[in-house]
Amino acid sequence: MQGLLNTELFPEYFFNLTGFIFIVTVLLGFAFVYNSLWNVERWEKYGVKHVDMGIMELTNMAEVALGGQDATAGARKDHLVLFTRDVELIKTIGTTDFSNFYNHPEILATTSHFGQGLFFLRDEQWKRVRQIMSPTFSTSKLKGMSNVIQACATDMARVIEEHAREEKLVAVYNLASRFSASIIAKTAFGQEMDDKFFRRASKLFSDWPNKWQRNLVLILMRFPRFHRFLVQKLRIGFLDVCDVDSLVYLRSLLEHVIAERERAQRNGKGGDYKDLLQSLVAAKVAGDGRVGEGDRSSEVQGLSNGAGIRPEKTLTHDEVIAQSFIILFAGLETTASTLQYCLYLLASHPEIQEKVYTEMQEVVDSEHPTYEEISKLHYMEQVINETMRLLPPVSIVGRDAIETKTYGDITVPDGSTVYLAIKEIHKDPKHYPNPEVFDPERFNEEEKAKRDPFAFMPFGVGPRICIGSRLAMQELKTVLVHILRKVRFELNETTVPKKGEELKIIYFELPKPMYTIQIQKKREADIDFPEGKREAEAFWPIFRVHHQKSRYICDSVYRGKAISRQLHEYMYCSRENIADDILNAKCKKQDNEKLSWLRCVQVGDTNLNRQRSSSVFTVVVEDVLADTQMAASWVDLYNDYTILTMLIA
Ligand code: HEM
């Protein structure tokens with residue numbers, strides 16, 4: 001017990017457990033009385049329906065407050081709070097009147113560096129750090145991180161494939177967390193993830209050893225100001241929501257890497273590192289760790305409230321560490337949960353999984369999908385969006401009101417907190433008919449155009465929106481490509497929850513829910529060969545050289561008008577559906593089942609798992625034409641081809 005408390009502030013007798021519980025109980029009792037008697041301000045006065053609630057945590061409060069017909073309802077924690085799923089009010093608070101609502105509520109009772117992380121920063125501090133961090137997530141930076149994401153996705157796919165080979169079930173949450181943590185380890189902590197890192201990263205928050213401590217903290221979380229007073233002022237360690245040991249460990253890792261990165265930055269070698277950490281370190285080096293007078297160039301986007309805010313673009317050493325922590329906090333579980341839920345939903349909707357697969361076949365040409373290819377996976381994005389609509393990893397976000405403002409019938413008093421109830425908006429039948437049904441078509445362009453864009457906000461809204469949303473999407477799409485091209489996910493009788501059962505998000509529960517999904521079998525075409533190579537894959541370099549050579553000659557010959565435009569087009573697939581035309585024509589002919597093009601285009605022969613790749617296509621056409629008795633209408637083409645083959649030879 002002694003170790004948990006700050007011995008400088010507390011006398012010896014205080015370490016008596018009974019005495020301590022007594023004091024905390026008295027203080028809690030005082031908080032209750034204050035809350036219910038003295039803080040008599042009621043939401044009704046401000047035109048808002050008020051819901052009286054017992055001791056509940058926030059997400060439940062939102063559910064209860066907005067359970068009926070009301071789009072907006074008030075309640076009290078240790079101050080006034082408002083819950084809303086009214087998209088007009090959300091638009092106003094999140095964007096048009098953002099200058100009155102740019103702070104997240106102070107909910108975190110900790111003495112750790114978390115408090116200096118972007119999510120928890122307030123006022124000028126937030127504006128300065130947000131401005132510094134925004135370019136870190138620009139398109140060019142995301143492209144720069146693509147290799148890391150690919151490597152982590154390949155690892156995850158490999159593990160899943162091994163499970164499939166051994167016909168084992170997959171504890172998806174664990175794998176998804178490892179994937180997400182490994183990207184953060186590399187990009188925000190500058191190192192490979194090992195087991196110790198993963199253990200610590202997954203345990204940023206205290207895991208209270210007994211029930212009464214846990215319940216006490218849960219009750220205190222209902223009174224965040226009081227909770228913070230106990231933790232930050234009285235420094236009662238065991239009430240700290242963060243796990244101090246984990247943070248000390250992670251900080252020690254960072255110290256080494258930051259020192260090394262600083263040296264590189266000062267020697268002009270910072271550009272060698274294309275990750276989040278280096279951008280943070282660069283901001284530190286630029287200001288030499290001091291926050292001075294301020295950058296005079298630009299205001300923070302969306303904050304043109306006339307205040308003339310010109311934050312300086314530098315970070316202190318502790319702020320660099322805090323941002324790495326916050327990336328871990330904000331980026332790990334959110335992305336891992338989305339991946340887990342997405343795979344579960346795909347397993348329970350095989351037809352949708354097949355559609356995702358088909359799109360991948362059409363769009364992704366390379367073994368490691370490029371940034372551009374990833375951005376063309378529109379149906380996959382619809383699936384991810386629908387997953388986050390149905391099961392938003394963050395179900396509620398808050399905004400503190402700086403001044404009292406009235407919007408229509410509702411007055412939002414200064415000092416109150418407005419909670420934007422993401423989950424309730426996403427489940428509102430007004431925006432989403434049959435809201436419990438998983439239907440990615442809700443996010444096709446036509447359906448989206450019919451809906452208020454503020455009815456979908458898994459990443460929050462306005463200038464305070466999630467800074468890592470594009471990175472998260474890139475991670476999710478990349479890993480889905482790598483996994484789904486290898487295996488098909490299915491539910492079986494041991495999967496939890498079972499088919500038809502509700503998939504519930506359990507907040508603040510430890511351990512995390514583990515949804516186990518069966519990987520039924522490998523995709524038919526996924527035939528493995530010794531040393532991890534497929535038979536045809538071994539010939540790919542030869543095919544490629546052959547293709548390049550053919551193309552060079554073919555282009556020259558075409559320019560010299562020695563072959564028809566038709567053949568030129570056929571050779572390079574420059575007309576839409578050309579491969580299908582030829583293949584279909586061939587298939588219709590009798591006795592053609594064993595044509596050699598089958599070998600060439602079998603999806604299992606390539607890592608691409610697709611039929612229409614321009615690089616493989618020449619080989620396909622050559623095989624088709626060379627090995628087949630041509631029908632009359634193909635004779636010209638065949639003659640052209642013969643001339644060409646002679647030239648190539
Ligand atoms: C599916 C994945 C994710 C979801 C659903 C998600 C959701 C959110 C939400 C709802 C917010 C609050 C926004 C608001 O107040 O309006 C937020 C903030 C934030 N997120 Fe994410 N997030 C995800 C992934 C990530 C990743 C990968 C990172 C970092 C690499 C990240 C970093 C942050 C940070 C730093 C903030 C605080 C922004 C600020 O206060 O200015 N998030 N996120």
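Start at 1 and go down the list; that is how both ligands and their atoms are numbered.
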Exercise for the section: Determine, considering heavy atoms only, which of Phe329, Phe119, Tyr102 sits nearest to atom 36 (C) of ligand 1. Expected result: Phe119
Exercise for the section: Please work out which of Gly117, Pro392, Cys466, Ala188 has its closest non-hydrogen atom nearest to atom 31 (C) of ligand 1. Expected result: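 The residue whose heavy atom sits nearest atom 31 (C) of ligand 1 is Cys466.
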Can you tell me if [atom1] on [X] sees more than 12 non-hydrogen neighbours from other groups inside 6.0 Å?
X      : atom1 : result
Lys376 : NZ    : no
Glu372 : CD    : yes
Lys141 : NZ    : no

Numbered atoms of ligand 1 (with element) below 4.0 Å of [X], judged on heavy atoms:
X      : result
Arg399 : 14 (C), 15 (O), 16 (O)
Leu471 : 30 (C)
Pro458 : 5 (C), 7 (C), 10 (C)
Arg130 : 38 (C), 39 (C), 41 (O)
Ala472 : 2 (C), 24 (C)
Gly460 : 10 (C), 13 (C), 14 (C), 16 (O)
Thr338 : 1 (C)
Gly331 : 25 (C), 26 (C), 27 (C), 28 (C)

Looking only at N/O atoms, are [X] and ligand 1 under 3.5 Å apart anywhere?
X      : value
Val461 : yes
Arg464 : yes
His104 : yes

Practice task
Cation-pi check, Arg178 to Tyr173: give yes when NZ or CZ is under 6.0 Å from the six-membered ring centre and within 45° of the ring axis, no otherwise.
Solution key: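 No; the conditions do not both hold, so Arg178 does not lie above the ring face of Tyr173.
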Exercise for the section: Please confirm whether Lys427 makes a cation-pi placement over Tyr432, using NZ or CZ under 6.0 Å from the six-membered ring centre and within 45° of the ring normal. Expected result: no
Identity and distance of the protein heavy atom lying nearest [atom]:
atom                    : result
atom 6 (C) of ligand 1  : Phe459 CD2, 3.6 Å
atom 35 (C) of ligand 1 : Ile467 CG2, 3.6 Å
atom 33 (C) of ligand 1 : Ala330 CB, 3.4 Å
atom 24 (C) of ligand 1 : Thr334 OG1, 3.4 Å
atom 29 (C) of ligand 1 : Ile327 CG2, 3.9 Å

Handout entry: Sidechain N-carboxylate O distance under 4.0 Å for Arg442, Glu447
Key = no
Problem - Pair Asp318 + Arg251, salt bridge at N-O below 4.0 Å - result: yes
Does any N or O in the side chain of [X] come within less than 3.5 Å of the main-chain N or O of [Y], such that one atom is a donor and the other an acceptor?
X      : Y      : answer
Ser416 : Val412 : no
Arg261 : Leu277 : no
Asp452 : Phe454 : yes

Problem - Pair Lys127-Tyr102, side-chain donor/acceptor within less than 3.5 Å - result: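 Short answer, yes.
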Problem - side chain to side chain contact (heavy atoms under 4.5 Å, CB included), paired with Phe114, selected from Val241, Leu328, Asp240, Leu108 - result: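 Of all the options given, the one that passes is Leu108.
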Handout entry: contact_flag Trp126 ligand 1 heavy-atom lt 4.0 Å
Key =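 Within the 4.0 Å threshold, so yes.
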Handout entry: Part of Val397 within contact of ligand 1 (heavy atoms, under 4.0 Å)
Key =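 Val397 to ligand 1: side-chain contact only, backbone stays beyond 4.0 Å.
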